[in-house]
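First the structure, in the form of structure tokens, and then the observations on it.
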Protein chains: 6
Amino acid sequence: MSTFTHLDAEGNPNMVDVGTKKVSRRTARARSIVVLGDEIMDQLEGQELHTKKGPVFQTAVLAGIMASKKTGELIPLCHPLGLDNCEVHIQVNEQREVVIDCTARITAKTGVEMEALTGATVAALTVYDMCKAFSHDIVIKETKLMEKTGGKRDFKRPG
Amino acid sequence: MSTFTHLDAEGNPNMVDVGTKKVSRRTARARSIVVLGDEIMDQLEGQELHTKKGPVFQTAVLAGIMASKKTGELIPLCHPLGLDNCEVHIQVNEQREVVIDCTARITAKTGVEMEALTGATVAALTVYDMCKAFSHDIVIKETKLMEKTGGKRDFKRPG
Amino acid sequence: MSTFTHLDAEGNPNMVDVGTKKVSRRTARARSIVVLGDEIMDQLEGQELHTKKGPVFQTAVLAGIMASKKTGELIPLCHPLGLDNCEVHIQVNEQREVVIDCTARITAKTGVEMEALTGATVAALTVYDMCKAFSHDIVIKETKLMEKTGGKRDFKRPG
Amino acid sequence: MSTFTHLDAEGNPNMVDVGTKKVSRRTARARSIVVLGDEIMDQLEGQELHTKKGPVFQTAVLAGIMASKKTGELIPLCHPLGLDNCEVHIQVNEQREVVIDCTARITAKTGVEMEALTGATVAALTVYDMCKAFSHDIVIKETKLMEKTGGKRDFKRPG
Amino acid sequence: MSTFTHLDAEGNPNMVDVGTKKVSRRTARARSIVVLGDEIMDQLEGQELHTKKGPVFQTAVLAGIMASKKTGELIPLCHPLGLDNCEVHIQVNEQREVVIDCTARITAKTGVEMEALTGATVAALTVYDMCKAFSHDIVIKETKLMEKTGGKRDFKRPG
Amino acid sequence: MSTFTHLDAEGNPNMVDVGTKKVSRRTARARSIVVLGDEIMDQLEGQELHTKKGPVFQTAVLAGIMASKKTGELIPLCHPLGLDNCEVHIQVNEQREVVIDCTARITAKTGVEMEALTGATVAALTVYDMCKAFSHDIVIKETKLMEKTGGKRDFKRPG
């Protein structure tokens, strides 16, 4: 019988009190997929091959990690949290889409799925920013949680 | 003959110099679509009907506007900019998807599409955060630029 | 035999070392009262009646919660802290004054009265900002701590 | 025939579009008054006499100036603005109250009264923070706009 | 007959009023030099040769650019400014020292030397952070302004 | 057999996972030395003698403490951390150099040397900013770690 945990009895937005929850190691991994289109991918892959781990993706990795640390500042009702770590990995899949995975980990009373989602999303926006001079027809195709452990119930997206 | 404007001759990331560009009124509108699923939409619509413009969407509107002002802090190579204004509008479409439009406007030497995209995206993450106690199967289905005026070339997404 | 805890032996400002203090659950509630005047209250109540929990107060609630999370960034010698939760409640009293209560809670080595005060204050400034087009004669009449538990000595304001 | 400028036709919160307003030099001065009580004032004046312009007030001056620069980040619907300057002055009046004046100036399309109010308020909270080890019965007695020039209509508080 | 521009007649810190200064294109370039020692340089050059412009330096470049945008937030009496652009370049000199140059540009009423210095310094701290697992005997050997144009008087460091 | 802890197996930048490290009390002290030159030192010492604990150094102390709290925001791969305390002390040595010591302390899974270094560095930049109207020939001569306790291995700089 779930309810909107961020809304109190009068329908006002408020943070959830995590004071009595127990500390555990928690992880979450989120994914954003960016579709740049063939023209940009051609340019990008040329660039990347030259530098092995080229600057577009590395800039996005760092932007994602730094944004993940700012989650509590961006999402109004998120708790301000530390992080045990945060990792962003980017690869190109067979459909030539840019697949960004952000994994956040913490030992705390509350989970880090918003941290993972924020990291993946800002990494995706950074890829967009660095490629937008080529075309405005870039789409951040999809952002979602892939897995989550250490909270009340674990989650793993099928497939 | 476009190139990666954020990369210099040696492939290093760097901001673009806008010093000689001319000041003009610029606008951009971006859209994020969040799919919450029927279970959450049932709850949300009950809630919203009660309050006309209920707290989930209003929280997301404010989060989007505030994030839009932080774009230059989040996206590594974006210029730090003021804004003439920023508006976020949220509606539910016929497929029961949450459609978030963020419009940013500025009178400046450089455009605000990243501001619009950042606002739409953080509003979408906020909707996610406020509904995630119900389900982890929420998807930010798509984020993209809808239109843009005042820069080198205008853009309007067809359809 | 109190002294200025933020000043060291030479009169220099410095943070207090909380390294040896013990972790406990701490709460604090602060209150700000905003006097908008009858003209604005007439408008505001019309507006609020329409939407049950209208946008002016909800915007202020969110601004207060978000500012509370930034206390360590705003007040130079405050410790950077997480929060178990933060709640802002706003009501209109019999004198038609806007009464803003901010409650902050934490499980930590140091208290959260500045977090509660910062949250109440920024909520009050936000009410001001959203009503200032009507009149400049708005006054934030008073801001003070109402109660505090979990530290060296509890406090509860009489009345 | 004023309306809530931050609410659009549907009652949603939104920033005001200042794109067509004209640039002018604008100033605003706001005041916060902090009542510390005789016990703290005795300590503080002893301290201050020793250092001429002692550390409590100087810390508050700097906190106020720095907070003034963050106004657009704290108040959800304020525009992100630069500042021509910001000054905070603190004195003790005949009733032994701490009187904090914050003056902000800008050459822009929109005014800086929220910047002045935010600066005065955070300076007041900083005085509170540095004195709270003595007593919890400190009150920020009043915060208000004192004068304002350069906008649609000038304002000067009588008295 | 210079004086401390940040101190007013009573010796209080305050921002300088730039309201009447004229807008001009201004640039500044600052340099930080980091001495990592031979052991780390051996490792780093191995790493860098593999990736051409390896991740340590690229992370530092981005950290410097992002910090440069935060100068007004870090340095208490600096004006909040936009930037036309910011570039960070890193090279290794003949003494195997890491030489970091940060160039900031703006069209504004006040200069950007603090932006250039902040960018160079935070880039240097980032190189330090990424290498400190090897040794604590890393030294940021020197940070200084190299040149400056567009203000009251140009400056160019000899040699 | 050290390696670059911030780079993963593929050479990508990433935060170190501190989830399994044990909590201990950790301290670090860093030092920055600023050379202002005789002309400025004459002015500064006159000023400081007048006010006992003059405003230039106090502003720098506060800027250093506040920046230390922002370390995780500035240095891309640093963990977001609280702090038990942070102290900045400034003195003038026999060569008339300004010597800034920043000590940070925490009870956590990871150390605070970057917090100490960031605090010392931003204090140094603030001294620079407040004196730069006199001369551009100011040099931040050197920044380094002085000592460190509570981690895997203690460190104390000889001499």
Side-chain angles (χ1 to χ4, degrees), chain B residues 23-29 48 51-74 78-92 99-108 111-112 114-116 118-120 122-123 126 149-150, chain D residues 2-28 65-86 104-119 121-122 150-152:
Chain B
V23 169
S24 65
R25 167 81 161 181
R26 293 153 191 268
T27 70
R29 181 167 58 92
E48 297 295 298
T51 61
K52 289 289 191 295
K53 191 53 65 172
V56 174
F57 288 177
Q58 279 193 1
T59 303
V61 165
L62 289 167
I65 292 170
M66 293 176 86
S68 182
K69 294 191 269 184
K70 280 179 175 292
T71 302
E73 197 178 322
L74 292 170
C78 271
H79 291 83
L81 292 180
L83 281 177
D84 283 350
N85 91 320
C86 178
E87 282 172 50
V88 175
H89 293 281
I90 304 183
Q91 50 187 324
V92 177
V99 180
I100 301 167
D101 278 88
C102 177
T103 305
R105 294 186 184 87
I106 197 170
T107 308
V112 285
M114 293 316 300
E115 280 69 14
T118 301
V122 173
T126 300
T149 64
Chain D
S2 289
T3 55
F4 287 92
T5 51
H6 287 317
L7 304 181
D8 64 20
E10 298 155 30
N12 272 318
N14 269 315
M15 284 169 79
V16 180
D17 189 352
V18 299
T20 58
K21 294 176 75 175
K22 83 177 202 321
V23 170
S24 64
R25 166 82 162 181
R26 293 153 191 269
T27 70
I65 292 169
M66 293 176 86
S68 182
K69 294 191 269 185
K70 281 179 176 294
T71 301
E73 197 178 323
L74 291 170
I75 310 298
L77 303 173
C78 271
H79 291 83
L81 292 180
L83 281 177
D84 282 351
N85 90 319
C86 178
R105 293 186 184 88
I106 197 170
T107 307
K109 292 179 182 177
T110 185
V112 284
E113 63 202 275
M114 292 315 300
E115 280 70 14
L117 285 157
T118 301
T121 302
V122 173
K152 237 178 338 194

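Numbered from 1 within each chain, the chains take letters A, B, ... in sequence-line order.
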Test side chain to side chain contact (heavy atoms under 4.5 Å, CB included) applied to D:Ala28 - qualifying residues, sequence neighbours left out: D:Val112, D:Glu113, D:Ala116, D:Leu145
Going by the rule salt bridge (Lys or Arg N to Asp or Glu O under 4.0 Å), which residues pair with D:Arg26 if we only count those two or more places apart in sequence or in a different chain? none
By side-chain hydrogen bond (donor to acceptor under 3.5 Å, both in side chains), which residues pair with D:Asp17, not counting sequence neighbours? B:Arg25
Per-residue contact mode, D:Val18 against chain B (heavy atom under 4.5 angstrom): both
Heavy-atom pairs under 4.5 Å with chain B, option from D:Cys78, D:Ala108, D:Pro76 with the top count: D:Pro76
From CA spacing to verdict: side-chain contact (heavy atoms from CB on, under 4.5 Å), D:Asn14, B:His89: CA-CA 9 Å; D:Asn14 269 315; B:His89 293 281; 3.7 Å; yes
Residue B:Leu62 versus chain D: region with a heavy atom under 4.5 Å: side chain
For B:Asn85, does its backbone N or O pair with a side-chain atom of D:His79 as donor and acceptor, under 3.5 Å? no
Expected contact set for residues 66-74 of chain B against chain D at heavy-atom separation under 4.5 Å reads B:Met66, B:Lys69, B:Lys70
Measure the shortest side-chain to side-chain distance between D:Lys109 and B:Thr107 over non-hydrogen atoms and say whether it is less than 4.5 angstrom. yes
As a quick check of understanding, evaluate side-chain contact (heavy atoms from CB on, under 4.5 Å) for D:Leu77 and B:Ile65, giving each step before the final call. CA-CA 8 Å; D:Leu77 303 173; B:Ile65 292 170; 3.8 Å; yes
